[in-house]
There are 2 protein chains.
Amino acid sequence: MKCGVEYIHRDAVERAENQMIDEGVVLDSATVFKALSDPTRIKILHALSITELCVCDLAKMMGMSVSAISHHLRLLRALRIVKFRKEGKVVFYSLDDVHISALIKSCVEHVQEGSEVEG
Amino acid sequence: MKCGVEYIHRDAVERAENQMIDEGVVLDSATVFKALSDPTRIKILHALSITELCVCDLAKMMGMSVSAISHHLRLLRALRIVKFRKEGKVVFYSLDDVHISALIKSCVEHVQEGSEVEG
DNA sequence: CATATATTTGAACAAATGTTCAATTATTTA
DNA sequence: TAAATAATTGAACATTTGTTCAAATATATG
């Protein structure tokens, strides 16, 4: 059912609408959050926040296939969240962006505080 | 293909493994990020960071059905990201958690910085 | 060049997600 | 009580996502 009233709380709506974020920024933010919304990728990024690692190392650590990890890294690379350097056959990955590890840290802290309060 | 080597970079892997985050924290963090990974929900949360609003207001602002917004709010409520108060028939929603608006703000800033660098 | 190793890629498939629609609940007012 | 309004809910659907599998690249070495 669609709400039939013109505006229930016109003032509040106008105040919020005047500060509306740009649609492009919203979409880009959603994309970044989506990249961080997978447990495997959080673990990858957390590990990379400690040291650079190759695909094979990460696969071992996560107990997952090299292919699966590589697909995740491709996504993170496309969003410039990780960078890489090649050394012979081996590709070393590391965090490209300090902000991302800050985001993860904030979220982890938030989650840990939340569970303390809840008991 | 699974990597056959025992550990390509044993020291690095051990360092990262020693600081591995708790699985539960990883899952909870992923859930929070997932809640933030939808454009509609980012807009809802941004609007609520400015003022409390009812479901109908939000539906109008987003140009979406009341039902769709209500489904999103249910998710955000379940994760204690928004809270609500009832006033007669109307349910007013607002942010439950300051950390969340901080996370969104950080991400928005990150995105905006990124696009500056890229040109 | 042929072989081995490290990684990437594309297709396929199951599982999860966002929206719509129709029905339901909760509250107010006639 | 009946009608109207605000919101919630469940089922259904198309779309997206994460993983696996098999095949393809890229690099080093015999």
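Quick note: numbers below take in every heavy atom, side chains included, and nothing from hydrogens, waters or symmetry partners. These numbers were taken from a predicted model, which means no experiment stands behind them. Residue numbering restarts at 1 for every chain, and letters A, B, ... go by the order of the sequence lines.
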Exercise for review: Summarise protein proximity over nucleotides 25-30 of chain D in one line of letters, 5' to 3': B for base, S for sugar-phosphate only, - for none, counting protein heavy atoms closer than 4.0 Å.
Suggested key: -SBS--

Exercise for review: Classify the side chain of B:Ser67 versus the base of D:dT8 as yes if they form a donor-acceptor pair under 3.5 Å and no if they do not.
Suggested key: no

Review point. Out of D:dG18, C:dT19, C:dG18, which nucleotide sits closest to the side chain of B:Arg41?
Key: C:dG18

Review point. Taking the side chain of A:Val90 as heavy atoms from C-beta outward, which of C:dT19, C:dT20, C:dA6 is closest to it?
Key: C:dA6

Exercise for review: Mind checking side-chain hydrogen bond (donor to acceptor under 3.5 Å, both in side chains) for B:His46 and listing every partner two or more places apart, or none if nothing turns up?
Suggested key: none

Review point. Short question: side chain of B:Ser106, backbone of B:Ala102 - any donor-acceptor pair under 3.5 Å?
Key: yes

Exercise for review: Give A:Tyr93 one of three labels, base, sugar-phosphate or nothing, depending on what nucleic acid heavy atoms sit under 4.0 Å from its own.
Suggested key: sugar-phosphate

Check your understanding: Side chains of B:His99 and A:Glu113: donor-acceptor distance under 3.5 Å anywhere?
Key -> yes

Point to revise | Interatomic distance, A:Phe33 CZ vs D:dT16 C1' [rounded to whole Å] | key: 20 Å

Check your understanding: DNA chain C: A:Val55 or B:Lys34, which has the more 5' nearest nucleotide?
Key -> A:Val55

Review point. Does A:Val66 offer a backbone N or O that forms a donor-acceptor pair with the side chain of A:Ser70 under 3.5 Å?
Key: no

Study note, to complete from the structure: Result for 5'-nearest mapping on DNA chain C, choosing between A:His71 and A:Val91, is A:Val91

Exercise for review: Taking B:Arg41 for its side chain and B:Lys34 for its backbone only, find out whether a donor-acceptor pair lies under 3.5 Å.
Suggested key: yes

Check your understanding: Can a salt bridge be assigned to the pair A:Glu17 and A:Arg15 using a cut-off of 4.0 Å between side-chain N and carboxylate O?
Key -> no

